[in-house]
Novice: 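If you scroll down you'll find the structure; I have some questions about it.
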Amino acid sequence: MSIRSKLIIFMLVLLTAVSAVMAFLFQRNEWSSISSNSQRKNLQILLAMSEVCKEMSDTPDKSYAYRYFKTFLKTPEIIQVSCSGAKGRIFLEDRYYSPQPPPFLYRYTTFPPPRIGTWETRSDGGVEILKASVNTLNSKKRTVTASVDFSTQLIYQEMDSSLRQSSASFFIILSIAFALGCAGTLIITRVIFTPIQSIAEGARIIGSGRLDHRIPVTSRDEMGMLASELNDMADKLKEVSDMKQDFVSSITHDLRSPVTGIELCSDIILKLVENREQAKIPEQVFSINEHSQRLNRYIDSLLEISKMESGKMTLDLKTVNLEDLADRAVRAFRAYAEQKGLKLELIVGQDIPATRGDPDRLYQVLANVIGNAVKFTASGSVSVFIEATPGWQKVRVCDTGIGIPPGETANIFSKFYRINRGKRDYPAAGQGTGLGLFIAKFIIEQHGGRIEVESAPGKGSSFAVFLPA
Ligand SMILES: Nc1ncnc2c1ncn2[C@@H]1O[C@H](COP(=O)(O)OP(=O)(O)OP(=O)(O)O)[C@@H](O)[C@H]1O
Ligand SMILES: [Mg+2]
């Protein structure tokens with residue numbers, strides 16, 4: 001059963017239970033209020049009778065008392081009224097035989113009689129009678145007893161009809177409230193479950209592998225948040241999937257091409273040996289060496305990344321001199337720069353203090369940034385500046401190369417990312433692994449520093465490495 005059906009059933013059961021409890025409480029309270037009203041009324045009748053009896057015992061003329069008696073007897077529940085003296089001698093009595101309804105099937109809980117007078121229930125020829133009497137003293141200090149007999153069946157009938165009337169209005173209101181509750185339940189479940197269904201459907205589609213699918217975010221509530229969280233998750237999955245794709249194609253391309261190169265060279269060597277052309281062998285050995293170095297670099301980078309990601313890369317902190325490190329890196333690329341006809345210079349600012357860091361790792365960073373600048377510059381120059389700013393030591397590498405399109409500056413620090421990778425006409429596109437800047441950024445951040453880039457396509461780029469002084 002779906003959660004929606006369960007919720008609807010739960011709400012209906014809850015509404016029914018609440019209605020039943022309310023109906024029960026209403027009936028009980030209403031009955032006790034009706035019965036206390038009825039008691040009050042009966043007591044008032046008895047007290048009025050007592051006044052009449054008192055007056056009557058003081059005067060010999062009984063005719064006005066009769067008039068009162070007749071008035072009392074007009075009340076349907078009153079069967080008999082009488083006034084009597086001390087020894088039970090009846091002064092005046094009147095009786096009215098009103099037709100009695102059949103006895104009530106259900107007896108409501110009897111209510112406590114009023115504190116004034118004597119109240120007792122008796123059966124008189126099948127008719128249940130509530131006998132009430134009260135004593136009073138007349139002007140001659142003689143006791144006069146006023147008695148009223150009520151028909152309990154008629155009292156109950158009257159109470160019952162009042163209860164029916166008020167219950168009818170109560171049940172109409174309760175039914176309207178119940179209907180509104182049901183409608184509200186349906187609306188609420190619809191409002192809640194429509195987005196859940198759309199999220200579930202979206203998650204199913206994404207789960208089936210369509211990572212480009214996005215769940216529409218229609219609100220800012222928890223459902224909207226859930227949908228956008230799932231969309232973010234899909235973004236991450238897409239990223240990971242693209243990365244995996246990149247990784248696989250990088251591995252297949254970048255690992256395969258040097259291996260194929262080595263294989264080809266060794267084939268050629270074998271042929272050269274066969275043809276006794278030993279003189280040409282060193283050239284092939286040189287080529288094999290270059291391919292192996294490239295292969296090794298690639299494998300080193302992969303191992304390094306796996307170390308970084310498993311948190312096993314630790315820094316061997318020492319006092320380092322940035323000028324020395326940069327000088328080493330510049331010298332390493334001098335031949336390459338000269339070969340491309342580029343001017344490569346190192347400009348060291350005033351008073352550069354020593355800093356702490358892992359010299360090998362920092363050299364790796366500078367070598368990659370300077371190497372990139374030489375690699376992606378066809379003509380002009382590459383300048384390396386060492387500067388000290390308050391709190392930071394900065395190595396800035398500026399080139400006059402191809403530059404980086406504005407939308408790509410954040411991407412180049414991602415794993416395996418190379419701009420226009422695979423495009424033959426893009427200079428140096430196929431040469432790298434796309435891991436250098438990713439590793440560099442990680443190393444610099446481990447040192448508490450940062451790496452920034454500014455670039456204008458076609459004009460050149462400037463990479464700045466900041467290290468805490
Ligand atoms: N100075 C630069 N000028 C223009 N583009 C650059 C420059 N430096 C980096 N890039 C771009 O950023 C990409 C990523 O650089 P990164 O150093 O991570 O990789 P790579 O140099 O291609 O390979 P690797 O460093 O592993 O040999 C490069 O492929 C290039 O497209
Ligand atoms: Mg690089």
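Start at 1 and go down the list; that is how both ligands and their atoms are numbered. We use all heavy atoms of the structure for the numbers below, so side chains are in, but hydrogens, waters and symmetry mates are not.
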Novice: By number and element, which atoms of ligand 1 are closer than 4.0 Å to a non-hydrogen atom of Asn368?
Specialist: 17 (O), 25 (O)
Novice: Below 3.5 Å, N or O to N or O, backbone or side chain included: is there any such pair between Phe438 and ligand 1?
Specialist: no
Novice: In ligand 1, which numbered atoms sit nearer than 4.0 Å to a non-hydrogen atom of Arg418?
Specialist: 22 (O), 29 (O)
Novice: Among Pro405, Gly434, Pro457, whose heavy atom sits nearest atom 19 (O) of ligand 1?
Specialist: Gly434
Novice: Provide the number and element of each atom of ligand 1 under 4.0 Å from a heavy atom of Ile419.
Specialist: 11 (C), 31 (O)
Novice: Regarding Arg164 and Asp160, does a basic nitrogen lie under 4.0 Å from an acidic carboxylate oxygen?
Specialist: yes
Novice: If we set the cut-off at 4.0 Å for heavy atoms, which region of Phe463 has an atom near ligand 1: side chain, backbone, both, or neither?
Specialist: side chain
Novice: From atom 18 (O) of ligand 1, work out which of Leu437, Ile370, Val382, Val453 has a heavy atom at the shortest distance.
Specialist: Leu437
Novice: How does Lys375 reach ligand 1, by side chain, by backbone, by both or by neither, if only non-hydrogen atoms under 4.0 Å count?
Specialist: side chain
Novice: Do any N/O atoms on Ile404 end up under 3.5 angstrom from N/O atoms on ligand 1?
Specialist: no
Novice: Just to be sure I read this right, does ligand 1 sit under 4.0 Å from the backbone of Asp399, its side chain, both, or neither, counting only heavy atoms?
Specialist: side chain
Novice: Which of the atoms of ligand 1 are close to Ser461, meaning less than 4.0 Å from one of its heavy atoms?
Specialist: 3 (N)
Novice: Is the closest side-chain donor-acceptor distance between Glu30 and Ser166 under 3.5 Å?
Specialist: yes
Novice: Side chains of Asn289 and Gln293 only: does a donor on one sit below 3.5 Å from an acceptor on the other?
Specialist: yes
